[in-house]
Amino acid sequence: MTYIYRMTICSLSLSLLLILGFSISVSAEEYWLRAAETTVDYPGESGVPMWGYALDVDNNFTTVDGTVMVPGPPLVVTPGNNLTIHLHNDLPEATSLVIPGQNSLKPTPVFFTSGPFNGRVRSFTAEATAAGGEVTYVYPSIAAGTYLYQSGTHPGVQVPMGLYGALSADAVVGQAYPGQTYAQGLTYLFSEVDVAQHRAVDDLSYGTAAYPSTMNEGYHPDYFLLNGRSYHSDIAPAVLAPGSQVLLRILNAGLRGRVPVIPGMALEVLAEDGNPYTTPRIQASVDLPAGKTLDVRFTAPGAGEEQYLALFDRRLGLSDSSRTSQGMLAFMSAGIPSVNLHVTTPASSTNQIEMSSSPGGISCGSSCDQAYLTGTEITLASNSSGNDSLTAWQVYDGDPGAGGNLLTGTCPSLGECRLTLSADRWVVPVFSSFSSLSILSPATGDALDAGEKYEVRWAAPATAVTFNVAYRLGTGSPWVAIVTGTSKKEVDWQVPVALNLRDSGQIAVTSFDIGGAMLETTQTLLGLQVRDSVTLQQPDGGQSLTVGSADDPYMIIWSDLTTSAAVSRVGLWYQLSVGAPWQFIAAVDGNQASYSWALPSVSAVATEVRVGAVLYNSKGDVLVMDTSDAVFSLLPGVAPASAGFVNTPDVATVAVAALVAPPALQLQGPSAEEVLSVASGYTILWQSLIEVDNFSLSYSLDSGKIWLPLAQNLTGDQYAWQIDPVLQGEAQVLLRLEAFDQTAQSLGKTSLAEPFAIE
Amino acid sequence: MILIKRQLEYSGLIMLAMLLCLIPVSGGAAIQGISGTSFNFTASSGHISAADGDDVFFWGFGERGKLPQYPGPTLIVQQGDTVTIRLNNHLPQNTSILIPGFKVQASGGTPGQITREAPAASTTEVVYTFIADRPGTFGYYSGTNPDLQVEMGLIGAIIVRPSGFSSSAPTAYGDARTAYDDEFLFLLSEMDPEIHHAVEIGTDPVPTTGFHPVLWFINGRNGPDTMSANHVTWLPNQPYNAMPSIEVGKRLLARWVGGGRDHHPFHTHGNNYDLIARDGYLLETTAGASRPASELGTVPDLAVSDFTQNVAPGGSYEGIWSWTGAELGWDMYGHTGSETGVCEPGPAPPSTIVNGFDINTREYCLDHGKPLPVVLPNAQQLTFGGFYSGSPFLASEGSLPPGEGGNNPSAGYAFMWHSHNEKELTNNDIFPGGLMTIMIVNAPDM
């Protein structure tokens, strides 16, 4: 979602100077401030009424000039000097200005003289009356430190509306307080916006049932601001010189406490509210209640340790309710950035490139060039509205218009572009306009690996508002929904661990308009590959393991599935001789690839031992399995097995002790709801945990009463079945696998549990 | 008639027996956690049990291959260790770990907004490495969408033992000012179950601006589950309890960590504590500077004596707490003063008094033999709490009506330790509950 932060260049650059920590050139002891209404756009909310201060440009109020800003302009004063503030009020109610902690000007409160609050304080000090009133404050002697200036009138309304700013006064140039030196100063002013409160103040319903009061439960901030902004990726990181002493002036103009933290940094709190401590406190995070100011010093990481630092509120004033901005978060570059990233501005303003990783600085449209520390790994993401979608990331090592080379293979995914900035880079996002629904990835004819996760992306014209996405494993198979009613144009799809080769898998996307009426549907044809996805690596045959010796416990290792999210549990079994029953070793979590096996006691040497690994999904179905390629030996030991090794069964292991022993034969065929197509054929797969000479396949058309031969003398583990067209229309088909030894003795049979159909 | 009475007695006994099984007996309890230098974590989802009977969907860190837990595993490492945490992630969004007290190197995974992340629903690991270069108590928590993920439960604590740590003479920072006899961790947090429900049903995005907690936790449990034993089978995702106890005259190290997003004012009934450190930094003017503790021994010279600790989110604190009964004004054992071998004055030996306390009973000898200054009403004019032993004297039991008491088998003195934000003593508006537990001060094992 794009938003526009409405500020003029003048006030924008002032704020940027504040964030970047350069000293403001204006260090006057006299300021002309105009309190007035303005509006600010926040992500997802435009035109939010605010009250702020403008710094008058020509130091008099005869002409209305200066841009109203929230927070107000920074005031920088030399301690001991006097400070004169002229306040002009264009607000619809009286206002005043106070600086808590600056006590050389005694406040002269103004009282109500009539009405329901007669006799009570209306303003903490002298007022400027509504709609044009003016007042002047003269502070004879300013104290050193960091202070909030803010409205002293109706503060429950006027301060949250935006009438606040920072005043700083260094004791001596380069010293915040006597003896407390620093090289670089940054100001972080925390505040909040409750949009309902602001709109109620603006439309005069504040104080009615619509919004009774800031003081009761109704106050509900929607946006959390640092220096007036909720973090968005267009905000460039502040630059710190390596190893320098950095002074943070931290102020809280909001109504809720905050806890700023910079992970990894030791923060030295020098002062509270302009009052220096005798002994500075060192903490990892600092306490910032409402209205508090802190002066905090830390040492930026030195040369050789260049990195980005994050400052954020540990009280978690972060995401707004649409989660499109990240609130009280800011980044600093400890080190001078030297690598440049340039993003080509998209032609249409409805397309946006954002940096979705730290440290931000790119939000193109508005911020398309930024320098970074060498080696920074960043992620870019695209946002489109209208008819456009991103169809490619082009990344160049030089200016594309001046001979830069296209780096093919960089950023192949349409989702995110991840770059390691070891040298200057130019990124050209390619957008295309789509007048009809189109699947961008996977592309037609792509072969996807079963069990892997893929990003499905599509493009659609602006009239399409929501989408349904579904897949089917073959023509004639039923559609299975991946996501329904999504407003995004992408979804992650975990390709099912289809245990058979398919070449006619499909994805379909359907679009709907804002009223929910179906607009279009489109499909793409894919190949779905089976993967032989587990290999037992050890013990794989030939080992001689002695129980209770250094071999014990023995590490069983199997190869990892790339996306074992489909695998819920791995069962480990052993058998002491060929044909012996499998004995359970353990069940382990699906993403482990090894297990420390306490060898079982054996009374005599066992020479035909095998281990098997069986992978199960979350429903308990067997997915794939593998056994030792050849037998190994177990020798009885003298010492007790695994002395000192405690294999503590945890809750998870105990819960699956009831795993079924792996079958000797496993037939993988169509599942119950599948419908095979005579036109496309089918590959039948099987696995066995016993030694077999050959297999045969048969089929039944009546749920297993009569079996007809399909294929004999099969070796290997699969059979490509060309389905006889005469079988079209059969609805109760079963398959059966039988295994034979060299003497044609049957070693066992297995058949599918539920019938399938052929059309 | 007789039959019915016997049945009542048996049921009272059975209830007592059940309660005794649940309440751990006194003694120095260690911090529950896992030791080492290399840890494998998985972030995944599960349910925790709130003490109002509700199940709350949560996201938690757990040791690889084990259940996710709330809070995540407490890590116990040694000063100077290089600690590595490998994290993978079964949650539907990326996650990560921040350990703000240390400079952490992150590698692997994908670049995230604040630190590197473990991608959603994947086995890809992100690896965090840091040198535990200073001792103390530290928090860790997710650095991805923290306003959502910290709420969902992705939090935990790390204890760093000082160089040369000895479990027979433990200290928090290596010297006598931070020495203790027992230690306890209090990781404080809160939850708004509506946010958890929205995540559970797949709402996206889940706003957290309307955060309104109704459940409060110490070490991942609501009161009174805080007082059950560690690792009870009926709280499989909440392994840690929060049931401190100490012997009279000993020093207890309280480690507080703000795990959630709210401040909690933790109140230690019974006595003040001396706050000795914040975020692993001792409160001292110069290294080694000390002052006498409020009660026993010494503490760093800038230690603050207080009875309520404002635990800020993300902050960690350590305090030394003792209870000696000094100046109580009456003999806490009910001694008459005619006992031999107790509070014997005179030059040592046979004197048993050191620094004003008896070396065996640890009673304050100026109060030895002083009677209880009140006459206790008879039992029918009293109401009883579950922690009354039947006698006002330490380590003494008295008769109680059937079914009363039972929570204090060692007959220690029970002090409620709790959040002084009283609303936090409820489980979804039901009192008692929430952020509360009981500290029991026991007589010395003699």
Side-chain angles (χ1 to χ4, degrees), chain A residues 220-224 257 259 261-267 278-279 281-287 301 305 307 310 312 314-324 326-327 329 356-358 360 376-379 416 418 453 492 494 560-565 588-592 650-653, chain B residues 42 63-67 88 90 92 98-104 110-117 120-123 130 138-139 141 143 145-148 150-151 204-211 233 236 258 260-263 278-286 302 310 312-316:
Chain A
H220 174 174
D222 307 289
Y223 295 98
F224 307 97
V259 181
V261 60
I262 305 178
M265 292 296 111
L267 302 179
T278 314
T279 309
R281 304 175 181 185
I282 305 185
Q283 298 174 185
S285 57
V286 297
D287 305 312
E305 292 181 353
Q307 59 192 267
F312 64 94
R314 180 56 178 81
R315 189 80 179 58
L316 306 180
L318 298 172
S319 278
D320 61 81
S321 50
S322 66
R323 305 198 75 88
T324 52
Q326 278 71 47
L329 170 66
S356 54
S357 68
S358 69
T376 304
E377 195 175 327
I378 57 100
T379 306
E416 289 178 336
R418 205 178 301 161
K453 199 177 357 180
D492 280 342
Q494 182 101 38
D560 235 44
L561 269 184
T562 315
T563 53
S564 61
V588 296
D589 188 71
N591 58 8
Q592 278 175 237
D650 57 320
V651 175
T653 308
Chain B
T42 298
E63 293 182 72
R64 192 87 36 96
K66 295 191 178 168
L67 295 176
N88 71 3
H90 291 174
L98 289 175
I99 310 155
F102 296 101
K103 295 189 206 280
V104 178
T110 60
Q113 181 117 87
I114 297 179
T115 185
R116 297 191 73 88
E117 298 175 340
S122 167
T123 52
F130 65 97
F138 306 90
Y141 50 93
N145 296 328
D147 58 297
L148 179 63
V150 166
E151 162 68 40
D204 181 30
V206 176
T208 59
T209 52
F211 169 71
T233 53
R261 63 185 296 177
D262 274 347
H263 291 74
R278 162 83 186 259
D279 297 342
Y281 296 103
L282 280 176
L283 298 177
E284 57 184 2
T285 49
T286 55
L302 286 182
N310 189 17
S316 62

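Throughout, a chain's letter reflects where its sequence line sits, starting with A, and its residues are numbered from 1. Every heavy atom of this structure was used, including side-chain atoms; hydrogens, water molecules and symmetry mates were not.
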Smallest separation among heavy atoms of B:D279 and A:A284, with atom names
OD2-N, 2.6 Å
Among B:V206, B:V104, B:D204, B:T115, who wins on heavy-atom pairs under 4.5 Å with chain A?
B:V206
Taking every non-hydrogen pair under 4.5 Å, which of A:D320, A:T279, A:V261 racks up the most with chain B?
A:T279
Using heavy-atom distances under 4.5 Å, tell me whether B:V150 contacts chain A through its side chain, its backbone, both, or neither.
side chain
Quick check with a 6.0 Å cut-off and a 45 degree axis cone: is A:R314 positioned over the face of B:Y141's six-membered ring?
yes
Assert top hit (heavy-atom pairs under 4.5 Å, partner chain B, pool A:R281, A:Q326, A:E305, A:M265) equals A:Q326
Among B:G260, B:G101, B:S316, B:A120, the residue with the most heavy-atom pairs under 4.5 Å to chain A is B:G260
Quick one: closest heavy-atom pair of B:T209 and A:P221, and the distance?
CB-O, 3.8 Å
Hey, which of A:A266, A:G264, A:P301, A:G317 has the most heavy atom pairs under 4.5 Å with chain B?
A:G264
Heavy-atom side-chain proximity of B:K103 to A:Q307 below 4.5 angstrom
no
Nearest non-hydrogen partners of A:S356 and B:Q113, listed with the distance
O-NE2, 3.9 Å
If you tally heavy-atom pairs under 4.5 Å between each of A:T278, A:I282, A:L318, A:V259 and chain B, the highest tally belongs to A:I282
Chain B shares the most heavy-atom pairs under 4.5 Å, among A:G257, A:G360, A:G327, A:S357, with A:S357
Is it the side chain or the backbone of B:T110 that comes within 4.5 Å of chain A heavy atoms, both, or neither?
both
With A:L316 as partner, the option from B:D262, B:D147, B:N145 fulfilling side-chain contact (heavy atoms from CB on, under 4.5 Å) is B:D147
Chain B contact via A:D492 - which portion, at a heavy-atom distance below 4.5 Å
neither
Side chain, backbone, both or neither: which part of B:E284 has a non-hydrogen atom closer than 4.5 Å to chain A?
backbone
Heavy-atom pair of closest approach, residues A:A310 and A:P263
O-CD, 3.2 Å
What residue, out of B:G315, B:P100, B:G143, has the most heavy-atom pairs lying under 4.5 Å from chain A?
B:P100
Under 4.5 Å heavy-atom distance to chain A, tell me which part of B:L148 shows up: side chain, backbone, both or neither.
both
Verdict with reasoning, A:L329 to A:F224, per side chain to side chain contact (heavy atoms under 4.5 Å, CB included)
CA-CA 9 Å; A:L329 170 66; A:F224 307 97; over 6 Å; no
So what's closer than 4.5 Å to chain B heavy atoms on A:R315: side chain, backbone, both or neither?
both
Looking only at non-hydrogen atoms, find the nearest pair between B:P205 and A:S321 and report the distance.
CG-O, 4.4 Å
